[in-house]
Amino acid sequence: MDIQKIGIVGAGQMGNGIAQVAAQSGYHVRLMDVSSGALDKAQKTIADSCDRLIKKAVLTDEQKTQILNRISLTTQMSDLKDSDLLIEAATENQELKIKIFQQMDQVAQPSALLVSNTSSISITRLAQATSRPQKVCGMHFMNPVPLMKLVEGIRGLQTSPETFEIVKGVVQKMGKVFVESTKDMPGFIVNRILMPMINEAIYALHEGIAQPEAIDEAMKLGTNQPMGPLTLADFIGLDTCLSIMNVLHEGLGDSKYRPCPLLVKYVEAGWLGKKSGRGFYTYSK
Ligand code: CAA
């Protein structure tokens, strides 16, 4: 099956990044979001991101124009009916994702593949909400999508080998490295390991072991991470970090995945990290 048209549901941080790299690799992209404001913001983010890549001599002005021309915007799910591959990139919320999978299944042509950018939720469960579980798998991009090399591929219990191979081919065409998570278990590979580390950094702060700057500096200089775990949590979004910890805690049933109470408090306060202007640090919006 030759994938040419890609539909993306959700124009947030992940969705617009995926739209950009897909268009950059020659795919025709239809980016869908229920909010027209989110679509306008996504278009601007993509244009700004292309400008940064032009400055770094990765892209030319002409390529930027081609990329923007290959992306069309819509608020209607039905406009994704011609897509060969539909990528769900909505908020990390299981009920919402199930609803989106049901809608994508209804509008998409029978041959189309449906994938999720979920960072932790069961692919098998999302697949079960559709009439084509063999054509569903996980395709988990990392943030910031245009710069990060990895895409995790996750097989649901019923994913066919053919579906997985096609998705792997798309990832490689996008210039990314595809790493397979053989089992569809909560958090897959990256978040199974990354989130408990971030959660532990929040416990270190909660227990007064060190100030945020010291925790981040120690992990940056002591373990060669590009940014400290608390800064990274702010970039990912503290609500997303909490959702992933809850999925690990509930799905694996081990108290070692208990979300730190300080993380819960920050999310309750609306301190969601960079996107809300305040998390472990403050940001000008
Ligand atoms: N999320 C969102 N934006 C990020 C980001 C992240 N994790 N990391 C960096 N950025 C942004 C920076 O804010 C910066 O934006 P501006 O140009 O608007 O200031 C831009 O990317 C470039 O960053 P740098 O100045 O650091 O540029 P660089 O070229 O030296 O390095 C980088 C870029 C390689 C992405 C480096 O910043 C890095 O390694 N960051 C950490 C990335 C990371 O760990 N991502 C994984 C997150 S986990 C995930 O995505 C899975 C999940 O499900 C939660």
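Counting starts at 1 for both ligands and their atoms, in listed order. Because the structure is a prediction, the values reported are computed rather than measured.
- The local environment of CD in Q43 is sparse, with at most 12 non-hydrogen atoms from other residues, nucleotides or ligands closer than 6.0 Å.
- Less than 4.0 angstrom separates atom 44 (O) of ligand 1 from at least one non-hydrogen atom of the protein.
- Across M142, K275, R52, heavy-atom proximity to atom 17 (O) of ligand 1 is greatest for R52.
- For F280, the ring-ring contact (aromatic ring centres under 6.0 Å, His included) partners are Y266, not counting sequence neighbours.
- Contact annotation for T240 and ligand 1: no heavy atom of the residue comes within less than 4.0 Å of the ligand.
- Taking only non-hydrogen atoms, the option from M14, M227, E152, E92 nearest to atom 37 (O) of ligand 1 is M227.
- The shortest N/O to N/O separation between Q13 and ligand 1 does not fall below 3.5 Å.
- Within 6.0 Å of the CZ atom in R132, the count of heavy atoms belonging to other residues, nucleotides or ligands exceeds 12.
- At distances below 3.5 Å, at least one donor-acceptor pair connects side-chain atoms of K176 with backbone N or O atoms of V145.
- Residue L194 approaches ligand 1 through these ligand atoms, each under 4.0 Å from one of its heavy atoms: 48 (S).
- Between the side chains of S120 and N191, no donor-acceptor pair of N or O atoms lies under 3.5 Å.
- Within a 4.0 Å radius of atom 51 (C) of ligand 1, the protein has at least one heavy atom.
- Using a 4.0 Å cut-off between heavy atoms, K56 contacts ligand 1 through its side chain alone, with no backbone atom that close.
- Atoms of ligand 1 lying under 4.0 Å from any heavy atom of L232, numbered from 1 in the order shown and given with element: 7 (N), 43 (C), 44 (O), 47 (C).
- Residue contacts with ligand 1: H140 is included, with a non-hydrogen atom under 4.0 Å away.
- Scanning all protein heavy atoms for the shortest distance to atom 5 (C) of ligand 1 gives P144 CD, 3.3 Å.
- The parts of N143 lying near ligand 1 are both backbone and side chain, judged by heavy-atom distances below 4.0 Å.
- Those atoms of ligand 1 with a heavy atom of S119 less than 4.0 angstrom away are 53 (O).
- The atoms of ligand 1 that sit less than 4.0 Å from any heavy atom of P226 are 38 (C), 39 (O).
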